[in-house]
2 protein chains.
Amino acid sequence: MSHVLIVDDERDLAELIDFNLRGAGFSTRLAFTGEAALEAAREQSPDVVLLDLMLPDLSGIEVCRHLRANSQLRDVLIVMLTAKSEEADRIRGFEVGADDYVVKPFSVRELVLRLKAILRRSSAPKDSLPPLALGPLRLDVTAHRFYVEGQETSLTALEFRLMEHLMARLGRVQTREQLLEEVWGLSSALETRTIDTHVMRLRDKLGSARALLETVRGVGYRIVDPAAG
Amino acid sequence: MSHVLIVDDERDLAELIDFNLRGAGFSTRLAFTGEAALEAAREQSPDVVLLDLMLPDLSGIEVCRHLRANSQLRDVLIVMLTAKSEEADRIRGFEVGADDYVVKPFSVRELVLRLKAILRRSSAPKDSLPPLALGPLRLDVTAHRFYVEGQETSLTALEFRLMEHLMARLGRVQTREQLLEEVWGLSSALETRTIDTHVMRLRDKLGSARALLETVRGVGYRIVDPAAG
DNA sequence: CCCTTCCGTTACCCATTTGTCACGCAAGGG
DNA sequence: CCCTTGCGTGACAAATGGGTAACGGAAGGG
């Protein structure tokens, strides 16, 4: 999941946000001043900066400018937190390049939704992707459909993600650890044997194409290219 | 001359616009909140609503929807004022039926020109969108009517938007989060289960065609193409 | 002001999905 | 040929997701 830098001098609020974002699967980092925020951002580039407009040292706008001026951090997403009375500053916030704003007081649920929405927008600018095709297999991410030899085959959501991940990495072995992290998500502390079970279930559904999903003993799994020898 | 309702919570800006529009011969009325805007519009139907996207209570998009949902006010012209130059917001603005948009900061001169242009355009016959047709379903955006097997079926405003959104994305799965963001609007922090309820209500109204609205477990919903057997 | 419609939320129930375990086979090294 | 280790497989319990009905509040129309 994504990494969020939370910048707010009200510690209680910052920690409340922190707690909830972690609960929603984000990794987080806190900063209580503008300087600390910039330092933290330089240390570990966040995906999103949640930025209070009013800070003791630099204003949120200043922080915003500094971020945008840094070539490393230029493309970070910035969400401004503003109190109602600071409306006029909002416009300036957008002028210096905030990507979204949330007005205090806000519900945490709304904040989480906004964050997800903005991440989704930035990561998937395209509404539809071309399907992944590979020999007898075709996986259409946009429609969320999967075909074996032209026959639609129903996969569960998890199986679909697993298949997508493997097909997108054609020929490359994926270790169980990699799969756990990238298909299941960071927070999952599962038995690695669980993966075996899901691979088996996938193979069942692959039918005649089951040979394309290979085991690499002691390492992991991979999809092989049927065209390559 | 035409009557313009100016909706912006930044009073200074609203009054600046007001002053200039009066100078250009428009009659005007001000509203500083979404609620006030709706009330004012109900009281005295304006020819144009100049609508800030960001308001303290309802978002501009919400206001837009309310206006479009009201039979008296459905045909009012709406010009969105937005600080975001982002394509996504423009598109959403247009989706809910804004007739034009102006990006802040704008020159007052430009604003007046745009207003005049749009009033001129609207007096000409309204260009209509072709209805979305799909097997037994037909959704006429322009007339705001919906037919199942040729039979008109009444949908609520929300159901209509949901159906329109899904039909316009034929075959593509829409996640609950996407739907929340794009049909309901970002400002609404709803339970995702709310969507289920509305999908159910929609299915009821679809009657024999209910199978066209598919659930993709763990992902979202999609409309299937009856032609793609 | 009352009545109707619309909408968001909740609770319940069922089917499916998913994680875990135990067993035994297979692979590969010595 | 034997032993160790890794993996395939089937069974099972728990968790999850979604359909549905019902409720209450809000908004709109008369």
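Scope of the values below: all heavy atoms of this structure, side chains included, with no hydrogens, waters or symmetry mates. Convention: sequence-line order gives letters A, B, ...; per-chain numbering from 1.
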Whole-Å distance separating the [atom1] atom of [X] from the [atom2] atom of [N]:
X: L155(A); N: dT16(C); atom1: CG; atom2: C1'; result: 14 Å
X: R217(B); N: dA15(D); atom1: CZ; atom2: P; result: 15 Å
X: R176(A); N: dC7(D); atom1: CZ; atom2: P; result: 4 Å
X: K205(A); N: dT18(C); atom1: NZ; atom2: C1'; result: 12 Å
X: E35(B); N: dA26(D); atom1: CD; atom2: P; result: 12 Å
X: D204(B); N: dC6(C); atom1: CG; atom2: C1'; result: 15 Å
X: H198(A); N: dG19(C); atom1: NE2; atom2: C1'; result: 6 Å
X: D196(A); N: dA26(C); atom1: CG; atom2: C1'; result: 14 Å

Between [X] and [N], does any side-chain N or O lie under 4.0 Å from OP1 or OP2?
X: T215(A); N: dC7(D); answer: no
X: Y221(A); N: dG6(D); answer: no
X: W184(B); N: dG8(C); answer: yes
X: T194(B); N: dC7(C); answer: no
X: R201(A); N: dG8(D); answer: no
X: R203(B); N: dG19(D); answer: yes
X: T197(A); N: dT20(C); answer: no

| Are more than 12 heavy atoms from other residues, nucleotides or ligands located less than 6.0 Å from atom CZ of R176(A)? |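 Yes - once you tally the heavy atoms of other residues, nucleotides and ligands closer than 6.0 Å, there are more than 12.
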| Would one find more than 12 heavy atoms of other residues, nucleotides or ligands at under 6.0 Å from atom CZ of R169(A)? |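 Yes, because the 6.0 Å sphere around CZ of R169(A) holds more than 12 heavy atoms from other groups.
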| query | dG29(D) base to R42(B) side chain: any donor-acceptor pair below 3.5 Å? | reply |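 For R42(B), whose side chain was compared with the base of dG29(D), there is no donor-acceptor pair (under 3.5 Å).
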| field | Heavy-atom closest pair, residues E164(B) and L139(B) | value |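 Of all heavy-atom pairs spanning E164(B) and L139(B), the closest is N-CD1, 3.7 Å.
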| said: Between E159(B) and R193(B), which residue's closest nucleotide on DNA chain C lies nearer the 5′ terminus? | reply: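 Nearest nucleotide further toward 5': that of E159(B).
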| field | Comparing R210(A) and G220(B) on DNA chain D - which has the more 5′ nearest nucleotide | value |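 It is R210(A), whose closest nucleotide lies nearer the 5' terminus.
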| When rounded to the nearest 0.5 angstrom, what is the spacing between CG in L113(A) and CG in L111(A)? |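 These two atoms lie 9.0 Å from each other.
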| Criterion salt bridge (charged side-chain N to carboxylate O under 4.0 Å, His left out) against E152(B), the qualifying member of R138(B), K205(B), R145(B) |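 The option that passes is R145(B).
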